[in-house]
**Student:** 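Structure provided below as structure tokens; questions to follow.
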Amino acid sequence: MTVFEELEKRGLIAQMTHPEVIKEKLEKEHVTFYIGFDATADSLHVGHFLQMIVMSHLQRAGHRPIVLLGTGTTMVGDPTGKTDMRQMLTEAQIDHNAECFRRQMSHFLDFSDDKAIILRNGDWLKPLNYITFLREVGVHFSVNKMLAAECFKTRLENGLSFIEFNYMLMQSYDFLYLYQHEGCQMQLGGNDQWANIIGGIELIRKVTTEEAYGMTFTLLTTKEGKKMGKTENGAVWLDGQKTSPYDFFQYWRNIADDDVINCLKMITFVPLAEIEAMAHWKGSELNTAKERLAFELTKLVHGEEEAQKALEAAQALFGTGADSENMPTTQILDDDFMDGKLAVTDLLVKTGLAPSKGEARRLIQQGGIAIDDHKVSDIGANVTKADFKEGQMIVKKGKKIFHKATL
RNA sequence: GGGAGUGUUCCCGAGCGGCCAAAGGGGGCAGACUGUAAAUCUGUUGUCUGACGACUACGGUGGUUCGAAUCCACCCGCUCCCA
């Protein structure tokens, strides 16, 4: 099976500028392609998964990915799909973020021997001269046409600032730059990037009279149409400090039935034949598929060892009972005890299980807290050092959240 | 530049000068039911307090008033109409 077929069968491809040509190129040539990333946070999150996976697929097939960090464009902000104007970031923040991205990406891509490279568009965007840019790039864009683009529609209703309006020009210029300097023939991106990609292709055509190519992939959404990887506490991060491997594992383990197969196809490397088999599973059988999904993804991001730990921790917790090996842990200090006692409400706040004491009280009142498998029913309950069996106790919030407190 | 609006708690959105920590919805959290799923039902959802209550909040700054999210002035942001 060719990469192209693989991508297609996994349902990753949304749109292409030249389906036949692209298919043939991917089969017979070594294509240099790029995907742009905004460096708005200091870690990649689940929303970036698709990009990484697609790049990885293509790299394995002998193509050369360019990761373009938007160190320049981030200062402008992509208006696509945004309701509000993006917060401005300082250069120092952007540089820091870019560095973090680079580290995390090395899990997915092989950067040795220039098999993949990382570039920063700030390197060529920042030195640009306004007049020159307008004359060389700006002339090729029709405002009428841009306004008609789907991605500006919602923003047109709420207001779109000039700086954001220019984002498309900058991204198009990136493509032109990479085309001319890095031999980059193709740009990929989420389907929401279609208009921006087309912009680059047209710019290349007008400037060089040559043809470049574009392909977008399906956005990873839940069956309900929501973006994957957003929890109410924010994004699910790939950085183990921001989202622990266990939490990361649990995020996928708890995914909706309807979404498992799709996720396996789109963002794991599990062979299609295996996935096909799972697609027939129903009801609780799907739990096995979810476990697989969670394991594969955790392995991809945090390595096999961490994935194994997370899996075992989860199985122990939800199966036979407490095994506290790999649970998130908080150390309780001597100073935390008053007269040898520590209020459970304070304990909950200290472990981060409750954001405030009021919330902690509520949790107890509603029967959501258990310590070492005993439900806590009294708001005023205390724990003493003696309650820490062998120096630790397991605090359980709700049904799924476990936390270990140690002395 | 002129005119008309508008800014409320995580989000949307209601809000009479006191009865407003603020309706309603969404979301979140917890409970029941389950398969660590979905749907459904129940409770809950500013901080501190065991509780009474105290404190901080309605774009910002001042003011009127015994008392302001609600009235006034100025400022800032956004939307719309005219230029």
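Just so it is clear, the values below take in all heavy atoms, side chains as well, and ignore hydrogens, waters and symmetry mates. What you see is a predicted model, and the numbers here were worked out from it, not measured in a lab. Chain naming here is simple, since letters A, B, ... match the order of the sequence lines and numbering starts at 1 in each.
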**Student:** For the side chain of A/Ala256, starting at C-beta, report the closest nucleotide among B/rG35, B/rA38, B/rU36.
**Tutor:**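 From the listed options, B/rA38 comes nearest.
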**Student:** Find the distance A/Lys341:NZ to B/rG50:C1' and express it as a whole number of Å.
**Tutor:** 13 Å
**Student:** Considering only heavy atoms from C-beta outward, does the side chain of A/Thr330 approach that of A/Lys404 to under 4.5 Å?
**Tutor:** no
**Student:** Has the side chain of A/Asp257 got a donor or acceptor atom sitting under 3.5 Å from an opposite partner on the base of B/rG35?
**Tutor:**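 Donor-acceptor pair under 3.5 Å: yes.
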**Student:** Can you tell me how far C1' in B/rG24 sits from the matching atom in B/rC74, rounded to whole Å?
**Tutor:** 35 Å
**Student:** Return the value, rounded to whole Å, for the distance between atom CG of A/Leu363 and atom P of B/rC29.
**Tutor:**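 So the two atoms are 11 Å apart, to the nearest Å.
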**Student:** Look through every strand shown and name the nucleotide pairing with B/rA68 as Watson-Crick or G-U wobble, where both distances are under 3.5 Å.
**Tutor:** none
**Student:** Hey, are A/Asp42 and A/Lys242 close enough for a salt bridge, meaning a charged N less than 4.0 Å from a carboxylate O?
**Tutor:** yes
**Student:** Suppose we define a pair by two distances each less than 3.5 Å, Watson-Crick or G-U wobble; what does B/rC20 pair with here?
**Tutor:** none
**Student:** Both distances under 3.5 Å, Watson-Crick or G-U wobble: report the partner of B/rC78, or none.
**Tutor:** B/rG5
**Student:** Determine the interatomic distance between C1' on B/rG28 and the same-named atom on B/rC11; round to the nearest Å.
**Tutor:**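 Taking atom C1' in both B/rG28 and B/rC11, they lie 11 Å apart.
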**Student:** At under 4.0 Å between heavy atoms, what does A/Ile255 touch on the DNA or RNA strands: base, sugar-phosphate, or nothing?
**Tutor:**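 Here A/Ile255 touches the backbone only, sparing every base.
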**Student:** Separation of A/Trp252 atom CH2 from B/rA37 atom P, in whole Å?
**Tutor:** 17 Å
**Student:** Pick out the pairs of N or O atoms, protein on one side and nucleotides 46-49 of chain B on the other, that lie under 3.5 Å.
**Tutor:**
| unit_1 | atom_1 | unit_2 | atom_2 | d |
| --- | --- | --- | --- | --- |
| B/rU47 | OP1 | A/Ser356 | OG | 2.7 |
| B/rC48 | OP1 | A/Lys357 | N | 3.0 |
| B/rC48 | OP2 | A/Lys357 | N | 3.3 |
| B/rC48 | OP2 | A/Gly358 | N | 3.0 |
| B/rU49 | OP1 | A/Lys357 | NZ | 2.6 |
| B/rU49 | OP2 | A/Arg361 | NH2 | 2.5 |

**Student:** Any base atoms under 4.0 Å from A/Ala314, or only sugar-phosphate, or nothing? Heavy atoms, all strands.
**Tutor:**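 It contacts base atoms.
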**Student:** If I pick the P atom on B/rU47 and the same atom on B/rU36, what distance separates them, to the nearest angstrom?
**Tutor:**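 B/rU36 and B/rU47 have their P atoms separated by 32 Å.
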**Student:** Without hydrogens or angle criteria, can the side chains of A/Thr329 and A/His403 be said to hold a donor-acceptor pair below 3.5 Å?
**Tutor:** no
**Student:** Considering Watson-Crick and G-U wobble pairs with both distances under 3.5 Å, what does B/rU56 pair with?
**Tutor:** none
**Student:** For A/Gln365 and A/Glu285, find the nucleotide of RNA chain B closest to each by heavy atoms; which residue's nucleotide sits nearer the 5' end?
**Tutor:**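 Per heavy-atom nearest nucleotide, the more 5' residue is A/Glu285.
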**Student:** To the nearest Å, how far apart are A/Lys282 NZ and B/rA38 C1'?
**Tutor:**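 After rounding, the reported distance stands at 16 Å.
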**Student:** Does a salt bridge link A/Lys290 with A/Asp257, judged by any charged N lying under 4.0 Å from a carboxylate O?
**Tutor:**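 Yes.
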**Student:** Please give the nucleotide sitting opposite B/rA37 as a Watson-Crick or G-U wobble pair, both distances under 3.5 Å, or none.
**Tutor:** none
**Student:** Suppose you measure atom P in B/rC20 against the same atom in B/rC81; what distance do you get, rounded to whole Å?
**Tutor:** 39 Å
**Student:** Provide the distance between the two P atoms, one in B/rG15 and one in B/rG7, to the nearest whole Å.
**Tutor:**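 Taking atom P in both B/rG15 and B/rG7, they lie 10 Å apart.
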**Student:** Roughly how many Å is it from CG in A/Asp259 to P in B/rG35, rounded to a whole number?
**Tutor:**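 Atom-to-atom, A/Asp259 to B/rG35, this comes out as 20 Å.
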**Student:** Please identify each residue that fulfils ring-ring contact (aromatic ring centres under 6.0 Å, His included) with A/Phe37, with sequence neighbours left out.
**Tutor:** A/His48
**Student:** Among the nucleotides B/rA30, B/rA37, B/rG50, which one has an atom lying closest to any side-chain atom of A/Lys400?
**Tutor:**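 Of the options given, the side chain of A/Lys400 lies nearest B/rA37.
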**Student:** Rounding to a whole Å, what distance do you find between A/Tyr246:OH and B/rU36:P?
**Tutor:**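 Whole-Å distance recorded here is 12 Å.
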**Student:** Tell which nucleotide pairs with B/rG43, taking only Watson-Crick or G-U wobble pairs whose two distances are both under 3.5 angstrom.
**Tutor:** B/rC29
**Student:** With no angle test and no hydrogens, is the base of B/rG31 tied to the side chain of A/Gln366 by a donor-acceptor pair under 3.5 Å?
**Tutor:**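 When only heavy-atom distances are counted, A/Gln366 does not reach the base of B/rG31 through any donor-acceptor pair under 3.5 Å.
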**Student:** Please give, in whole Å, the distance from B/rU36 C1' to A/Leu293 CG?
**Tutor:** 14 Å
**Student:** Of A/Leu238, A/Asp38, A/Leu44, which is the lone residue that meets side-chain contact (heavy atoms from CB on, under 4.5 Å) with A/Phe101?
**Tutor:**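 Of the listed options, the one satisfying the test is A/Leu44.
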**Student:** In whole Å, measure the gap between the P atoms of B/rA23 and B/rC72 for me.
**Tutor:**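 B/rA23 and B/rC72 have their P atoms separated by 25 Å.
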**Student:** By ring-ring contact (aromatic ring centres under 6.0 Å, His included), which residues pair with A/Phe402, not counting sequence neighbours?
**Tutor:** A/Phe318
**Student:** What's the gap between B/rG43 and B/rU79 when it is taken at their P atoms, as a whole Å value?
**Tutor:**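 Between the two P atoms, the distance is 41 Å.
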**Student:** Distance between the C1' atoms of B/rC16 and B/rG63, in whole angstroms?
**Tutor:**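 To the nearest whole Å, 23 Å.
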**Student:** Quick check for you: among B/rA37, B/rC33, B/rG50, whose closest atom lies nearest to any side-chain atom of A/Lys399?
**Tutor:** B/rC33
**Student:** Just the rounded figure in Å: distance from P of B/rA37 to CD of A/Gln250.
**Tutor:**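 Those two atoms, CD and P, are 10 Å apart.
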**Student:** Determine, using ring centers only, whether A/Phe248 and A/His302 are less than 6.0 Å apart.
**Tutor:** yes
**Student:** Side chains of A/Ser43 and A/Gln104: any donor to acceptor distance under 3.5 Å?
**Tutor:** yes
